[in-house]
Protein chains: 2
Amino acid sequence: MENPRDIFIAHLRRKGLFLTRERRLILEAIFSLRKHFDFDELYDTVKKRVGRVSRATIYRTIPLLIDSGLIRDVFRGTSGTQYEQVRGLEHHDHLLCVSCGSYIEFKDERIERAQQEVCKKHGFVSVDHKLGIRGYCRKCALIKRVKA
Amino acid sequence: MENPRDIFIAHLRRKGLFLTRERRLILEAIFSLRKHFDFDELYDTVKKRVGRVSRATIYRTIPLLIDSGLIRDVFRGTSGTQYEQVRGLEHHDHLLCVSCGSYIEFKDERIERAQQEVCKKHGFVSVDHKLGIRGYCRKCALIKRVKA
DNA sequence: ATTGAGATTGAGACTAAGTATCTATTAGAG
DNA sequence: CTCTAATAGATACTTAGTCTCAATCTCAAT
Ligand SMILES: [Zn+2]
Ligand SMILES: [Zn+2]
Ligand SMILES: [Zn+2]
Ligand SMILES: [Zn+2]
């Protein structure tokens, strides 16, 4: 039951929903994409494979996939939400280069643990969290320094 | 020179811009608002005080205030960006209740320090960061438990 | 105080992400 | 196979935020 398709079906069942052709194709399309993707990439991929799909269907399916734990939304930039495949991957946070748009993933146990403590101290029940550090990646930082 | 108005003027000067009546009024309006606010609250407040202001002017002024370090944008929810006054306050991060919309501010030095180390390890030059933990505040967590 | 170049405003057109609505179609239980 | 609820597609709609441009304002230089 670690198969994404089975996970998805199980989640749909639980909510009394069907695994339709479209939902299956959207799920498959996601796994043909790079790990981080946005709406348009998903939309274009599905369209290329099926010929026709409604934007609304994609928008309706995304929350189902999020609730299934198969993807998550990572950032919300100026041009729409960025998603990423979860694929059994561990939770992680991001370094985001504001210059070239690249990102680095990281996970720091000290940060994760400290967050739990913060929540505990405030009687707060955490559901999820996002830590995004914006700045300049090694390459862009170098370029910037050369220019300056 | 710690006066917000002076900080703002200095920033404008540096960029060859004027402190216009509108910009001054927007700045003043912000200080009459609670610490966290969104576009509409700012817009309505300015309008109430001056009678007329263009949405575009507010939108044009916000980045100037951000660049001046007087406000910062905190989240981007479903309904627009949330800003907060900085007012010489220390940087902090947020616990966000998904049930009642309240937030708790916190700062954890261990987290801040660990972030610096992560950046260093990746040759990443950090500009800023946002850590948002979503979940249920004490009160809402209790209500949820009672219901369940 | 006047003036002129450049900055700024207001109004509204525009863009684009995401949602809502409606009708025809489909999934799947019985 | 049949029936019903769920669904997809098409498209209208909503809304945060940007862009445009003519009219107006700012302020430094006279
Ligand atoms: Zn984390
Ligand atoms: Zn990632
Ligand atoms: Zn922080
Ligand atoms: Zn805050």
Side-chain angles (χ1 to χ4, degrees), chain A residues 5-6 8-29 36-68 71-83, chain B residues 5-6 8-29 36-68 71-83:
Chain A
R5 187 187 153 120
D6 293 339
F8 195 29
I9 291 176
H11 177 73
L12 294 172
R13 281 267 161 75
R14 225 175 305 130
K15 303 193 80 172
L17 307 175
F18 306 149
L19 177 66
T20 61
R21 194 181 86 105
E22 286 75 12
R23 285 178 185 155
R24 184 173 41 77
L25 289 165
I26 291 167
L27 180 65
E28 285 166 12
H36 291 75
F37 62 92
D38 60 23
F39 175 85
D40 286 325
E41 290 172 276
L42 180 54
Y43 179 49
D44 293 344
T45 304
V46 176
K47 229 176 22 182
K48 209 177 298 168
R49 295 178 151 221
V50 209
R52 191 180 55 160
V53 71
S54 165
R55 287 163 35 82
T57 300
I58 307 275
Y59 273 121
R60 281 187 291 233
T61 305
I62 285 172
L64 296 174
L65 290 162
I66 290 175
D67 292 346
S68 306
I71 65 176
R72 67 172 188 135
D73 87 87
V74 191
F75 318 110
R76 184 148 164 195
T78 40
S79 55
T81 303
Q82 291 277 331
Y83 306 93
Chain B
R5 187 186 152 119
D6 293 339
F8 195 30
I9 292 176
H11 177 73
L12 293 172
R13 281 268 161 72
R14 225 175 305 129
K15 303 193 80 171
L17 307 175
F18 306 148
L19 178 66
T20 61
R21 193 181 87 104
E22 286 77 11
R23 285 176 185 157
R24 184 173 41 78
L25 289 165
I26 291 166
L27 181 66
E28 285 166 13
H36 291 76
F37 62 93
D38 61 23
F39 176 84
D40 286 325
E41 289 173 276
L42 180 53
Y43 179 49
D44 293 344
T45 304
V46 176
K47 227 175 24 180
K48 208 177 300 170
R49 294 178 153 223
V50 209
R52 193 180 53 159
V53 71
S54 165
R55 286 164 33 85
T57 301
I58 308 272
Y59 273 120
R60 282 187 290 232
T61 305
I62 284 170
L64 296 174
L65 290 162
I66 291 174
D67 291 347
S68 306
I71 65 177
R72 69 172 187 134
D73 87 87
V74 191
F75 319 109
R76 184 149 164 196
T78 41
S79 56
T81 303
Q82 290 277 329
Y83 306 95

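Lettering of chains follows the sequences in order, A, B, ..., and the numbering in each one begins at 1. All values below come from the heavy atoms of this structure, side chains included, with hydrogens, waters and symmetry mates left out.
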query = What is the distance, rounded to the nearest whole Å, between atom CZ of A:F18 and atom C1' of D:dT4?
reply = 9 Å
query = Could one point to a donor on the side chain of B:R52 or the base of C:dG10 with an acceptor on the other under 3.5 Å away?
reply = no
Residue met sooner reading DNA chain D from 5', once A:V53 and B:T81 are mapped to nucleotides = A:V53
ask   = Is any side-chain heavy atom of A:T57 less than 4.5 Å from a side-chain heavy atom of A:I26?
value = yes
task = Would you sort out whether A:I62 and A:L42 count as a side-chain contact (heavy atoms from CB on, under 4.5 Å), showing the intermediate values?
result = CA-CA 10 Å; A:I62 285 172; A:L42 180 54; 4.3 Å; yes
remark   = When rounded to whole Å, the CG to C1' distance for the pair B:L25 and D:dC25 reads 14 Å
request  = Compare the minimum distances between each of C:dA11, D:dA16, C:dT9 and the side chain of B:S54, then state the nucleotide with the smallest one.
outcome  = C:dA11
query = Is B:T61 close to B:E22 at the side-chain level, that is, under 4.5 Å between some pair of heavy atoms?
reply = no
Base paired to C:dG10 (Watson-Crick or G-U; both N/O distances under 3.5 angstrom) = D:dC21
query = Distance check: side-chain N/O of B:Y59 vs OP1/OP2 of D:dT18, anything under 4.0 Å?
reply = no
message = Suppose we call a contact any N or O donor and acceptor under 3.5 Å apart; does that hold for the side chain of A:R60 and the base of C:dG18?
response = no
note = The residue, B:T20 or B:G80, whose nearest nucleotide of DNA chain D is more 5′ is B:G80
request  = For residues B:L65 and B:Y83, determine if any side-chain heavy atom of one lies less than 4.5 Å from a side-chain heavy atom of the other.
outcome  = no
request  = Remember a base hit wins even if backbone is also touched, and classify B:R23 as base, sugar-phosphate or nothing at under 4.0 Å, heavy atoms.
outcome  = sugar-phosphate
